[in-house]
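A note on names: the letters A, B, ... follow the listed sequences, proteins ahead of strands, and every chain is numbered from 1. Everything numeric here is computed off the predicted structure, so don't read it as measured data.
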Amino acid sequence: MLDIKLIRTDPDKVREAMRRRGSEAPIDEVLALDERRRALVTEVEQLKARRNQVSEEVARAKRAGQDASEIIAAMREVSDRIKALDDEIRDVEDRLHQLLLVIPNIPHESVPFGESDADNVEVRRWGQPRRFDFEPKAHWDIGTRLGILDFERAAKVAGARFTVYKGAGARLERALINFMLDVHTQEHGYTEILPPFLANTDSMTGTGQLPKFAEDMFHCEGTDLYMIPTAEVPVTNLHRDEILDGDRLPIYYVAYSACFRAEAGAHGRDTRGLIRQHQFNKVELVKFVRPEDSYDELEKLVADAEDILRRLGLPYRVSMMCTADVGFAAAKKYDPEVWMPSYGRYVEISSCSNFEDFQARRANIRFRRNPKTKPEYVHTLNGSGLAVGRTLAAILENYQNEDGSVTIPEALRPYMGGMTRIEPEA
RNA sequence: GGAAGGGUGGCCGAGCGGCCGAAGGCAGCGGUCUUGAAAACCGCAGGGUGAUGAGCCCCGUGGGUUCAAAUCCCACCCCUUCCGCCA
């Protein structure tokens with residue numbers, strides 16, 4: 001959520017930011033409602049001040065045993081007016097709030113202008129895509145042939161875009177989760193969280209999934225619960241409506257969770273394999289930091305995600321999202337992308353964002369620099385470290401052998417009981 | 001799911017419809033005293049809006065009654081205990 005004061009004092013800056021994003025935003029309507037609200041508030045507050053004053057007089061008179069029926073009668077009218085004004089204010093504020101909730105964040109000045117994802121900018125590249133001296137297969141073929149991924153039975157059990165992992169495949173997924181959690185907790189300084197996988201409307205609104213993106217999520221009928229599309233939601237909302245002690249910042253959390261996405265509107269895209277699923281595993285990094293540190297923290301966050309790819313020996317590049325692709329809530333976003341032989345290109349495997357105070361304002365997450373000062377909004381960041389299913393797919397493809405087996409990356413072997421290869425079932 | 005009890009400031013905990021943004025205690029901060037510390041004593045200390053002012057608002061949330069609600073009424077949410085069910 002943007003600061004209403006910013007919209008009020010510099011509406012052109014906001015309009016320009018929306019134009020750069022290619023987003024429509026009801027700025028004029030916001031300004032009109034804001035003005036209306038402030039006029040009403042001024043009026044009602046004057047009346048309330050009078051009511052409070054007179055109430056005291058009534059109390060004093062009654063205590064003195066005097067009759068106060070005249071003032072009481074006079075105040076009835078004032079009270080009615082107050083009630084009417086309060087009703088109108090509530091109505092105006094509701095509408096204003098609804099509008100503010102659908103206005104996206106302002107991209108940081110370092111974000112390049114662009115009109116589509118084609119305008120994203122590659123910032124660095126690591127590793128060399130392997131040259132195969134045989135025809136490399138796609139991970140769905142590799143996994144199916146090895147008997148470690150079962151798409152058909154998953155479709156029977158749940159439907160399209162679900163996968164059953166089996167044997168060494170299930171273990172490899174679990175190994176990746178544990179490996180990532182261990183690296184981030186033991187070497188990058190994150191505290192592990194295992195959050196609820198369902199979250200309520202307030203939480204979804206706090207991080208920005210609602211109200212705009214309801215159709216992307218699974219909703220549990222008859223409840224106020226949504227299945228989380230990312231651990232960002234429960235973990236960021238851990239500190240909703242809190243005032244954090246400045247000494248505690250920065251806070252780093254890492255959380256494994258299953259993630260659930262309806263993928264409405266993705267018909268026909270990535271229909272095969274693990275790339276686009278209704279349910280997938282992810283290890284998510286979340287930070288709460290001081291505003292002045294958030295861009296340094298973003299760079300460190302990306303580096304933490306990249307570290308996993310390097311240790312796994314997976315070639316990747318990092319793209320900086322342009323204004324058109326930065327995402328609703330983010331001010332700046334980097335996407336680490338892994339080399340995927342079956343796609344013949346780099347595929348998003350993480351997404352690291354600085355939301356500045358956009359989420360903090362929605363979720364009311366603040367901190368106090370020192371005991372005397374007013375609370376300020378924190379900056380929140382998050383990034384995948386990494387998407388586990390896509391990582392497994394990348395390993396199958398990049399580490400495949402001509403005989404159909406897959407070599408297990410060095411770093412994962414301790415998590416696989418020393419296993420070095422996944423061989424086809426006998 | 002059923003029954004009972006409860007949600008007040010960082011924590012504990014009072015609160016007769018008006019003098020309650022709210023006693024008291026603890027923790028915190030500043031000071032006096034002390035070589036220093038503790039103790040004792042004095043003082044400051046919630047959040048929002050706004051200009052560090054005035055005013056206004058906030059006692060789980062939302063309605064209602066009233067000239068006036070932390071206090072009365074209704075609904076909802078959450079917590080605790082007991083029972084039932086259950087991984």
Side-chain angles (χ1 to χ4, degrees), chain A residues 1-9 30-31 33-98 100-101 194-206 210 219-227 234 237-249 251 257-258 288 357 360-378:
Chain A
M1 195 158 68
L2 298 183
D3 188 352
I4 182 68
K5 275 186 234 165
L6 174 68
I7 302 176
R8 188 154 66 216
T9 55
V30 165
L31 289 170
L33 286 169
D34 179 53
E35 202 172 316
R36 178 79 184 131
R37 189 192 79 89
R38 288 192 299 153
L40 291 167
V41 165
T42 305
E43 186 184 350
V44 82
E45 285 192 359
Q46 280 166 0
L47 292 175
K48 282 180 178 175
R50 182 141 147 252
R51 181 181 66 185
N52 289 346
Q53 241 174 323
V54 172
S55 277
E56 233 169 283
E57 281 172 36
V58 171
R60 223 178 301 131
K62 290 220 164 175
R63 251 174 290 136
Q66 295 166 352
D67 176 56
S69 51
E70 272 179 49
I71 355 181
I72 287 175
M75 285 312 288
R76 186 164 291 144
E77 203 174 312
V78 174
S79 262
D80 288 345
R81 177 70 183 145
I82 288 174
K83 189 166 294 179
L85 286 169
D86 273 343
D87 285 347
E88 193 177 350
I89 288 169
R90 196 183 324 129
D91 183 54
V92 168
E93 282 182 343
D94 283 352
R95 279 189 286 158
L96 182 58
H97 191 63
Q98 288 311 309
L100 288 175
L101 285 178
L194 184 58
F197 291 1
L198 280 72
N200 58 29
T201 298
D202 285 347
S203 295
M204 290 297 178
T205 305
L210 289 177
H219 179 246
C220 300
E221 200 178 337
T223 73
D224 183 39
L225 293 169
Y226 295 81
M227 298 173 80
N237 278 283
L238 243 30
H239 294 302
R240 174 154 47 83
D241 294 320
E242 289 186 17
I243 299 173
L244 302 166
D245 185 344
D247 296 342
R248 285 184 60 193
L249 299 180
I251 294 172
S257 89
F288 302 81
D357 63 7
R361 185 169 277 113
R362 287 175 164 248
N364 193 29
I365 307 168
R366 294 171 295 172
F367 78 106
R368 219 187 283 278
R369 277 181 198 276
N370 64 63
K372 299 272 181 202
T373 57
K374 278 194 165 196
E376 300 170 51
Y377 289 113
V378 300

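Taking the P atoms as reference points, B:A14 lies 39 Å from B:C33, given to the whole Å. For the P atoms, the distance linking B:A38 with B:G30 amounts to 11 Å, nearest Å. The separation of B:A75 from B:G55, taken at their P atoms, amounts to 38 Å, rounded to a whole angstrom. Rounded to whole Å, the separation between the P atoms of B:A54 and B:C44 comes to 16 Å. Comparing the P positions of B:U61 and B:A70 gives a spacing of 12 Å, expressed to the nearest Å. Annotation: B:G47 and B:U8 have their C1' atoms spaced 14 Å apart (nearest Å). The same atom, C1', is picked in B:U66 and in B:C72; the two are 10 Å apart, to the nearest Å. Distance check on atom C1': B:G10 versus B:A4 gives 31 Å, rounded to whole Å.
A sub-4.0 Å separation between OP1 or OP2 of B:G48 and a side-chain N or O of A:Arg366 is present. The side chain of A:Asn52 places an N or O atom within less than 4.0 Å of a non-bridging phosphate oxygen (OP1 or OP2) of B:C57.
Rounded to whole angstrom, the span from the CG atom of A:Asp80 across to the P atom of B:U66 amounts to 9 Å. For A:Arg60 and B:A68, the CZ to C1' distance is 14 Å, given to the nearest whole Å.
B:C26 and B:G10 make up a base pair, with Watson-Crick or G-U wobble contacts both under 3.5 Å. The pairing partner recorded for B:U32 is B:A40, the criterion being a Watson-Crick or G-U wobble arrangement whose two distances lie under 3.5 angstrom. When both distances must be under 3.5 Å, the Watson-Crick or G-U wobble mate of B:G84 does not exist.
Atom CZ of A:Arg36 is surrounded by 12 or fewer heavy atoms from other residues, nucleotides or ligands within 6.0 Å. Residue-environment remark: CD (A:Glu43) exceeds the threshold of 12 foreign heavy atoms within 6.0 Å. By the 6.0 Å contact criterion, CZ on A:Arg50 is open, its count of non-hydrogen atoms from other residues, nucleotides or ligands being 12 or less.
From A:Phe367, atom CZ reaches atom CD1 of A:Ile243 across 11.5 Å, with rounding to the nearest 0.5 Å.
Salt-bridge formation is not detected for the pair A:Arg90/A:Asp94: no Lys NZ or Arg NE/NH1/NH2 atom is positioned less than 4.0 Å from an Asp or Glu carboxylate oxygen.
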